[in-house]
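Note that the structure is a prediction, hence the values are computed from the model and not measured. Residues: numbered from 1 along the sequence shown.
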Amino acid sequence: SIKTFYCSSCELTELPESMMNCTNLSILICSENQLKAIPQIPSIGCLNASNNQIQQFPTFSLDMQQLDLSMNELTSIPDSIDSLTNLVEIDLSHNKIAKLPPITNLSHLSVLKISHNYDLEGTLDCSHFLLLETVDVSFTKIELSETSIDNIREVIVSKDSPAYINAENILLISRTIEEASKIFDS
């Protein structure tokens with residue numbers, strides 16, 4: 001049975017409903033089509049459906065680890081996203097999302113990209129994501145909790161966003177602490 005299905009740039013407008021019966025399908029790459037929806041696939045662990053016309057957030061199995069729905073027409077993220085506890089990477093950038101739901105259970109998350117959702121507002125507390133390495137909130141109105149980005153390797157913000165101001169303050173504070181510790185260590 002099929003484990004990986006690759007159908008990018010095939011001018012598809014829909015995926016066959018029979019894909020719901022593919023119980024061993026774990027990787028689906030269907031980017032750069034004209035898809036408006038993704039059927040529920042029971043065992044999917046990796047989905048790249050970027051650059052389509054998807055308007056409604058699909059339903060996923062709890063096995064989902066990598067999710068790329070960037071460059072679509074999503075307007076919301078369901079609260080149920082917090083139940084995808086195995087999620088490692090998620091890219092929802094370049095959509096029309098306006099509100100960030102509470103996300104606290106994604107403890108395996110290492111990459112979070114929600115950039116270019118120009119109306120996206122809220123506060124993101126990254127302290128729940130102990131493995132988070134990259135967060136991109138550029139071109140959004142997202143605020144980052146000041147104590148939550150200390151251990152993140154890469155924080156991407158845009159200059160006019162609330163996150164930029166917080167990131168500047170955090171960098172200033174961390175530089176001051178670093179300089180102060182050098183003085184006291186001398």
Side-chain angles (χ1 to χ4, degrees), residues 1-122 124 126 128-129 131-142 154 156:
S1 68
I2 299 173
K3 292 184 179 185
T4 302
F5 189 71
Y6 184 91
C7 58
S8 291
S9 303
C10 292
E11 299 181 16
L12 297 174
T13 56
E14 63 182 16
L15 293 173
E17 289 292 322
S18 61
M19 289 189 88
M20 293 189 327
N21 300 327
C22 295
T23 56
N24 291 324
L25 182 64
S26 62
I27 301 172
L28 174 59
I29 311 295
C30 56
S31 58
E32 299 182 22
N33 285 294
Q34 291 96 40
L35 300 173
K36 295 189 186 311
I38 300 291
Q40 184 174 0
I41 302 168
S43 59
I44 196 83
C46 174
L47 172 67
N48 182 341
S50 63
N51 203 5
N52 277 287
Q53 299 168 4
I54 300 167
Q55 296 175 349
Q56 187 170 356
F57 206 87
T59 303
F60 298 111
S61 78
L62 299 179
D63 297 326
M64 180 61 69
Q65 294 179 348
Q66 294 178 310
L67 176 60
D68 187 345
L69 291 171
S70 62
M71 293 184 277
N72 276 288
E73 297 175 12
L74 296 171
T75 57
S76 64
I77 305 170
D79 290 344
S80 62
I81 194 164
D82 206 31
S83 65
L84 300 177
T85 56
N86 291 317
L87 207 54
V88 174
E89 295 181 21
I90 185 166
D91 188 346
L92 301 174
S93 56
H94 294 273
N95 276 287
K96 300 173 183 173
I97 301 166
K99 183 180 177 234
L100 193 63
I103 316 173
T104 58
N105 293 319
L106 304 182
S107 59
H108 293 98
L109 198 63
S110 67
V111 176
L112 173 63
K113 296 180 180 179
I114 51 177
S115 71
H116 294 84
N117 284 285
Y118 297 101
D119 296 325
L120 183 57
E121 294 181 315
L124 182 61
C126 297
H128 302 288
F129 316 124
L131 302 176
L132 193 61
E133 293 181 10
T134 301
V135 61
D136 185 352
V137 294
S138 59
F139 300 98
T140 69
K141 297 175 185 172
I142 290 292
E154 182 177 32
I156 304 167

Spell out, as yes or no, whether a donor-acceptor pair under 3.5 Å connects the side chain of Thr85 to the backbone of Asn105.
no

Rounded distance [0.5 Å steps], CD1 in Ile29 versus OG in Ser9:
12.0 Å

Rounded distance [0.5 Å steps], CG in Asp68 versus CG in Leu47
8.0 Å

Determine the interplanar angle of the Phe139 and Tyr118 rings, folded into 0 to 90°, and report it as parallel if under 30°, tilted if 30 to 60°, perpendicular if over 60°.
perpendicular

Yes or no on side-chain contact (heavy atoms from CB on, under 4.5 Å) for Ile38 and Cys30, after CA distance, side-chain angles and deciding distance?
CA-CA 9 Å; Ile38 300 291; Cys30 56; 3.9 Å; yes

Check for a donor-acceptor pair, side chain of Asn86 on one end and backbone N or O of Gln65 on the other, with a separation under 3.5 Å.
no

For the pair Phe57 and Ile81, evaluate side-chain contact (heavy atoms from CB on, under 4.5 Å) and give the outcome as yes or no after the intermediate values.
CA-CA 9 Å; Phe57 206 87; Ile81 194 164; 3.8 Å; yes

Note: Asn33 and Glu11 closest approach over all heavy atoms is OD1-N, 2.9 Å

Output the distance between atom CG (Leu84) and atom CG (Leu109), rounded to the nearest 0.5 Å.
10.5 Å

So, for Leu132 and Thr134, which heavy atoms are closest and what is the spacing to 0.1 Å?
CD1-O, 3.5 Å

Does atom CD of Gln53 have more than 12 heavy-atom neighbours from other groups under 6.0 Å away?
yes

Looking at Pro42 and Cys22, what are the two nearest heavy atoms and their distance?
CD-O, 4.4 Å

Determine the minimum heavy-atom distance between Cys46 and Met64, stating which atoms define it.
N-SD, 4.2 Å

Checking Asp119 side chain against Glu121 main chain: does a donor-acceptor pair fall under 3.5 Å?
no

For residues Ile114 and Thr140, report the shortest heavy-atom separation together with the two atoms involved.
O-CG2, 3.2 Å

Any side-chain heavy-atom pair from Phe129 and Leu124 closer than 4.5 angstrom?
yes

Set out, in order, the CA-CA distance, both residues' side-chain angles and the distance that settles side-chain contact (heavy atoms from CB on, under 4.5 Å) for Ile103 and His128, then state yes or no.
CA-CA 8 Å; Ile103 316 173; His128 302 288; over 6 Å; no

How many angstroms lie between atom CG of Leu67 and atom CD1 of Ile90, to the nearest 0.5 angstrom?
4.5 Å

Is it the case that the side chain of Asp79 and the backbone of Pro101 share a donor-acceptor pair, with hydrogens and angles ignored and the cut-off at 3.5 Å?
no

Evaluation steps, side-chain contact (heavy atoms from CB on, under 4.5 Å), between Ile2 and Asn24
CA-CA 6 Å; Ile2 299 173; Asn24 291 324; over 6 Å; no

Can a side-chain donor-acceptor contact be found between Ser31 and Ser8 if the only test is distance below 3.5 angstrom?
yes

Over 12 foreign heavy atoms within 6.0 Å of CD, Gln40
yes

Side-chain touch Lys36/Glu14, heavy atoms, less than 4.5 angstrom:
no

Do other residues, nucleotides or ligands put more than 12 heavy atoms under 6.0 Å from Ile156 CD1?
yes

Are side-chain heavy atoms of Leu112 and Leu106 found at a separation under 4.5 Å?
no

Hey, are the side chains of Leu15 and Ile41 touching, using non-hydrogen atoms and a 4.5 Å cut-off?
no

For the residue pair Asp91 and Val111, establish whether any side-chain heavy-atom pair is separated by less than 4.5 Å.
no

For a quick check under 3.5 Å, do Asn117 and Asn95 share a side-chain donor-acceptor pair by atom type?
no

Any idea which heavy atoms bring Gln34 and Asn52 closest together, and the distance?
N-OD1, 3.4 Å

CD of Glu89 to NZ of Lys113, rounded to nearest 0.5 Å, is 7.5 Å

Donor-acceptor contact below 3.5 Å, side chain Ser43 vs main chain Leu25
yes

Rounded to the nearest 0.5 Å, the OG atom of Ser70 sits from the NE2 atom of His116 at a distance of 11.5 Å

